[in-house]
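The next block holds one structure in the form of structure tokens; read it before the comments.
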Amino acid sequence: MEDKSQDTVTFALPEGALPIQIVLDELKSLYPHARYDLDFSTPLDLLVATLLAAQCTDERVNAVTKDLFQKYRRAEDYVAVSQEELEQDVRPTGFYRQKAKQIRAACQYLITNLNGEVPRTLAELVKIPGVGRKTANVILGSAFGVTEGFIVDTHVGRLVKRFGWTQQSDAVKAERELMRLIPQQEWLGLAHRIIYHGRAVCVARSPRCAQCTLAVSCPSATNR
DNA sequence: CTCCCGATAT
DNA sequence: ATATCAGGAG
């Protein structure tokens, strides 16, 4: 007698992995209001903020964009100033030469090909110079309320490996695995919650397993 | 794989 | 001193 109870999801996880349902339930109760923490008001703001977020904390990005978004409102504004001027405006986020160049290239692409508008599909977004799948998935989810893929950033990549959900270090390959393992309606919320947990508890350097409620079933938990 | 790069935690 | 921070390109 096969009793398929409606709330129990059966996924093909590797042996010994942290069950997906436990993570969904536990992280939902720990971080009920998990969301994207970069400040923005327009899709273009979000695109620029997310480009600046590479290898930089959200807090510092927000400190920089507070003034940046007053000064630069449209794609045209970013290409109107000199490279050097934009570099100084984004300097505290690190990688400032590359980021200024990326922002200008992305804006020039939008002006030339899309009338200065940020597109609403993953396929169109990843054509923008400097925009990979992580940035594209963030813009889709937070600016347009669309879910086409699973956000895999440094935190998601690290935690899903620790959970035993995948062995893939490559973000795009890990994303494919996650899309196969997890129901689509959970993708956006779960990604945000994993990131919160990755920042607060399951940190990169020395994870706080002693205070982690997932540790009892986590294959990577260290008891000390 | 390396490079880009400043700021902070360990 | 060194690893790491909501990455992506060459």
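Remember, predicted model here, so these are calculated numbers, not experimental data. Letters A, B, ... mirror the listed sequences (proteins, then strands); counts begin at 1.
Separating the P atom of C:dT4 from that of B:dT2 is a span of 15 Å, rounded to the nearest Å. Only the P atoms considered, C:dA6 is 12 Å distant from B:dA9, to the nearest whole Å. Separating the P atom of B:dA7 from that of C:dG8 is a span of 23 Å, rounded to the nearest Å.
Separating the CG atom of A:Asp58 from the C1' atom of C:dG7 is a distance of 13 Å, rounded to the nearest angstrom. Taking atom CG of A:Asn62 as the reference point, atom C1' of B:dA7 lies 16 Å away to the nearest angstrom. If you measure from atom CG of A:Asp170 to atom P of C:dG8, you get 12 Å, rounded to the nearest angstrom. Separating the OH atom of A:Tyr31 from the P atom of C:dA6 is a distance of 14 Å, rounded to the nearest angstrom. A straight line from CG of A:Leu38 to C1' of C:dC5 spans 12 Å, rounded to a whole angstrom. Between A:Leu52 atom CG and B:dC4 atom C1' there is a gap of 14 Å when expressed in whole angstrom units. Residue A:Tyr196 contributes atom OH, which lies 11 Å from atom C1' of C:dA6 at whole-angstrom precision. Between A:Glu175 atom CD and C:dG7 atom P the separation is 14 Å, expressed in whole Å.
Nearest heavy atoms, A:Asp39 versus A:Phe69: O-CE1, 3.5 Å. In this structure, A:Val156 and A:Ala191 approach most closely via the heavy-atom pair CG2-O, 4.0 Å. Shown here for A:Ala100 and A:Leu86, the closest heavy-atom pair between the two residues is O-CD2, 3.7 Å. Contact detail for A:Ser217 and A:Ile22: the closest heavy-atom pair is OG-CD1, 4.0 Å. Across every non-hydrogen atom of A:Leu51 and A:Lys99, the tightest pair is O-CE, 3.8 Å. Across all their heavy atoms, A:Leu181 and A:Ala12 have their closest contact at CD2-O, 3.2 Å.
For residues 51-64 of chain A, every residue pair satisfying the side chain to side chain donor-acceptor pair (under 3.5 Å) rule, not counting sequence neighbours, is listed here: A:Asp58-A:Arg199. A side chain to side chain donor-acceptor pair (under 3.5 Å) check over residues 123-145 of chain A, counting only residues at least two apart or in different chains, returns the pairs A:Glu124-A:Lys127, A:Arg133-A:Glu175, A:Asn137-A:Glu175. Legend: salt bridge (charged side-chain N to carboxylate O under 4.0 Å, His left out) pairs involving residues 12-33 of chain A, not counting sequence neighbours, sorted by first then second residue: A:Lys28-A:Glu186.
Contacts between residues 136-161 of chain A and DNA chain B, defined by a heavy-atom separation below 4.0 Å, involve no residue at all. Of the residues in residues 70-106 of chain A, those lying under 4.0 Å from DNA chain C by heavy-atom distance are A:Phe95, A:Gln98.
Using a distance-only test at 3.5 Å, with no hydrogens or angles considered, no donor-acceptor pair links the side chain of A:Trp187 to the main chain of A:Gly149.
With DNA chain C read from its 5' end, the first of the two nearest nucleotides for A:Asp37 and A:Pro129 is the one closest to A:Asp37. For A:Arg199 and A:Gly130, each mapped to the nucleotide of DNA chain C holding its nearest heavy atom, the one lying further toward the 5' end belongs to A:Arg199.
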So which protein N/O to nucleotides 8-10 of chain B N/O distances come out below 3.5 Å?
residue: B:dA9; atom: N3; partner: A:Arg205; partner atom: NH2; Å: 3.2

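Here CG of A:Leu52 is found 6.5 Å from CG of A:Leu68. Values are rounded to the nearest 0.5 Å. Taking CG of A:Leu47 as the start and CG of A:Leu125 as the end, the distance is 8.0 Å to the nearest 0.5 Å.
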